[in-house]
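These values consider heavy atoms only, across backbone and side chains, with no hydrogens, waters or symmetry-generated copies. In this chain, numbering begins with 1 at the start of the sequence shown.
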Amino acid sequence: MEIKYFDNAATTKVKEEVLNEMLPYYSIQYGNPSSLYTIGRYTKRAIEKARKQVANLINCNSNEIYFTGSGTESDNTALKGIAYANKVKGNHIITSKIEHPAILNACKTLEKQGFKVSYINVDKDGIINIQELVNSITKDTILISVMFANNEIGTIEPIEKISAIAKKYNIIFHTDAVQAVGNVPIDVKSLGIDLLSLSGHKINGPKGVGALYVKTGINFDRIMDGGGQEKKKRSGTENVAGIVGLGKAAEISQKNMQKHINKLLDLREYFIKQIEEKIPEAKLNGSRKGRLPGNTNFSFKNIDGQTLLLKLDEKGICVSSGSACSAGNSNPSHVLVAIGASKEWAKGTIRVTFGEENTKEEIDYLVENIISNIKV
Ligand code: PLP
């Protein structure tokens with residue numbers, strides 16, 4: 001059966017050009033980048049090229065990019081690294097209620113270690129309450145971490161406003177941009193971002209590789225001890241092929257950004273229009289316009305999202321019920337709870353996220369199959 005894949009927020013397919021760029025680093029170019037002989041220097045150069053490609057995508061300098069093993073690791077390094085390096089200044093962190101578990105669980109760990117965390121509410125569209133954020137700032141606040149765009153409902157947060165507030169109060173600002181990178185143009189300089197997390201597998205690159213941007217002058221503690229790779233900030237022999245793949249994916253993403261966004265917007269609007277016409281009581285969660293170009297998240301009445309997901313799977317269709325990270329968990333999604341969805345509506349939710357390879361014919365097939373599983 002041919003697969004119709006609509007879960008690009010969970011992961012994306014590695015582009016052929018990306019894979020081709022990676023393959024030599026699993027075979028002929030296997031040198032350890034820390035080795036001084038020729039094949040070691042060669043892989044070291046490949047890493048530095050990738051660093052430049054990633055830096056170009058978000059408009060920073062190469063030496064501000066640290067490679068990690070995932071978006072999750074980037075988030076943990078940002079939160080714990082900044083918290084530990086600044087604990088003499090204060091012990092208070094501000095974040096939102098709709099962050100990814102990589103942030104929320106890192107915050108829980110920090111709370112156990114004596115840090116205080118404020119979790120800011122969002123409105124019905126998922127946009128952070130700016131006034132509440134300002135009100136929660138204390139003399140001990142050392143870090144604000146708010147995601148660029150939400151992984152479940154796609155809402156894009158007012159990053160420029162948040163960074164301006166952070167700057168005004170001399171607080172470090174981190175954003176988890178794992179979902180936004182490649183789908184929204186990001187210029188860390190003009191947006192005033194101090195730290196930013198990204199991940200390879202969300203931008204048609206490989207899994208198991210991520211990057212953390214840290215603005216020059218901002219100190220952070222390492223969370224991994226070892227041989228001192230990545231300027232002593234992230235030890236562990238580099239995942240060279242993965243890093244090369246992330247670099248290539250970043251380069252392609254930068255080059256094709258507007259085309260990619262336009263394609264996804266077209267597919268998203270086509271899908272939303274069909275669902276709204278054919279299932280009038282369906283609810284679109286998240287902001288109608290201020291959302292990721294490829295994201296939709298619908299709640300349906302009197303259905304179970306996970307059952308619908310499995311029914312669609314029988315037809316070769318991949319969607320997510322809420323977020324992949326909470327799949328298998330029967331509690332309502334913390335994001336849907338935060339935007340005020342009732343337990344009943346939250347239960348009937350599926351996330352459909354588009355990629356460049358999707359077509360309108362595939363969407364017709366998806367809609368047909370959603371309708372046949374829902375009593376309209
Ligand atoms: N942050 C967000 C917003 C995400 O959507 C994800 C993955 O779904 C992550 C962090 C974690 O990234 P990774 O899968 O690379 O660990």
Side-chain angles (χ1 to χ4, degrees), residues 47 51 54-55 58 60-96 99-119 137-138 140-148 159 162-163 166-167 169-181 186 188-189 191-200 208-239 242-243 246:
I47 291 176
R51 207 183 298 283
V54 173
I58 58 168
C60 67
N61 298 324
S62 296
N63 60 7
E64 296 174 311
I65 294 291
Y66 298 84
F67 289 115
T68 66
S70 58
T72 300
E73 189 189 328
S74 298
D75 282 345
N76 273 266
T77 307
L79 264 76
K80 295 171 186 168
I82 290 296
Y84 301 154
N86 290 279
K87 61 174 184 279
V88 288
K89 291 189 197 146
N91 69 345
H92 181 231
I93 294 163
I94 300 173
T95 190
S96 83
E99 299 294 313
H100 187 272
I103 296 289
L104 294 176
N105 289 333
C107 285
K108 276 190 200 146
T109 298
L110 289 167
E111 281 180 301
K112 283 188 204 138
Q113 295 168 351
F115 289 89
K116 304 240 173 313
V117 183
S118 299
Y119 300 89
I137 293 173
T138 72
D140 290 322
T141 310
I142 49 174
L143 174 66
I144 297 174
S145 179
V146 175
M147 68 200 322
F148 207 114
I159 293 301
I162 303 168
S163 84
K167 195 150 287 132
Y169 291 91
N170 201 20
I171 300 166
I172 296 168
F173 174 51
H174 166 254
T175 187
D176 173 348
V178 167
Q179 290 290 337
V181 165
I186 299 180
V188 288
K189 290 210 176 104
L191 289 170
I193 296 166
D194 296 320
L195 292 96
L196 175 147
S197 303
L198 62 93
S199 177
V209 61
L212 178 65
Y213 152 75
V214 184
K215 190 170 139 188
T216 302
I218 290 185
N219 187 30
F220 67 104
D221 280 10
R222 60 172 180 259
I223 58 169
M224 189 89 84
D225 291 315
Q229 288 88 348
E230 295 295 287
K231 292 190 279 174
K232 297 194 169 59
K233 294 296 192 188
R234 200 278 184 176
S235 284
T237 300
E238 297 87 339
N239 169 9
I243 290 170
L246 169 56

Rounded to the nearest 0.5 Å, what separates atom [atom1] in [X] from atom [atom2] in [Y]?
| X | Y | atom1 | atom2 | result |
| --- | --- | --- | --- | --- |
| Cys60 | Ile186 | SG | CD1 | 11.0 Å |
| Cys107 | Ile94 | SG | CD1 | 11.0 Å |
| Phe220 | Leu143 | CZ | CG | 13.0 Å |
| Ile162 | Leu191 | CD1 | CG | 11.0 Å |
| Gln179 | Met147 | CD | CE | 7.5 Å |
| Thr77 | Ile223 | OG1 | CD1 | 3.5 Å |

Could you pull out all residues at least two apart from [X] that satisfy side chain to side chain contact (heavy atoms under 4.5 Å, CB included)?
| X | answer |
| --- | --- |
| Leu110 | Leu79, Lys80, Ala83, Tyr84, Ile93, Gln113, Phe115 |
| Lys232 | none |
| Lys89 | Asn86, Ile142 |
| Ser96 | Ile98, Glu99, Ile128 |

Any idea which heavy atoms bring [X] and [Y] closest together, and the distance?
| X | Y | value |
| --- | --- | --- |
| Ala106 | Asn76 | CB-OD1, 3.7 Å |
| Gly227 | Ser235 | N-OG, 3.3 Å |
| Arg222 | Lys233 | CB-O, 3.4 Å |
| Asn61 | Lys189 | OD1-NZ, 3.9 Å |
| Tyr119 | Glu111 | OH-OE1, 2.9 Å |
| Leu246 | Gly200 | CD1-CA, 3.6 Å |

4.5 Å side-chain heavy-atom contact, Arg51 and Phe67: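 Heavy-atom side-chain distance check passes, below 4.5 Å.
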Polar side-chain atom of [X] near backbone of [Y] as donor-acceptor pair, under 3.5 Å:
| X | Y | value |
| --- | --- | --- |
| Glu64 | Tyr213 | no |
| Thr175 | Val146 | yes |
| Ser70 | Gly210 | no |
| Asn91 | Lys87 | no |
| Asp176 | Ile103 | no |

Whether over 12 other heavy atoms sit under 6.0 Å from Lys231 NZ: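 Correct, the count exceeds 12.
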Would you list the atom pairs, donor with acceptor, under 3.5 Å between side chains in residues 192-199 and any protein atom, with sequence neighbours excluded?
from: Asp194; atom 1: OD2; to: Phe173; atom 2: N; distance (Å): 2.9
from: Ser197; atom 1: OG; to: Asp75; atom 2: OD1; distance (Å): 2.7
from: Ser197; atom 1: OG; to: His174; atom 2: NE2; distance (Å): 2.8

For Glu73, all residues meeting salt bridge (Lys or Arg N to Asp or Glu O under 4.0 Å), sequence neighbours excluded: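 For Glu73 the salt bridge (Lys or Arg N to Asp or Glu O under 4.0 Å) partners, ignoring immediate neighbours, are Arg234.
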Working for side chain to side chain contact (heavy atoms under 4.5 Å, CB included), residues Ile65 and Ile58: CA-CA 10 Å; Ile65 294 291; Ile58 58 168; 4.1 Å; yes
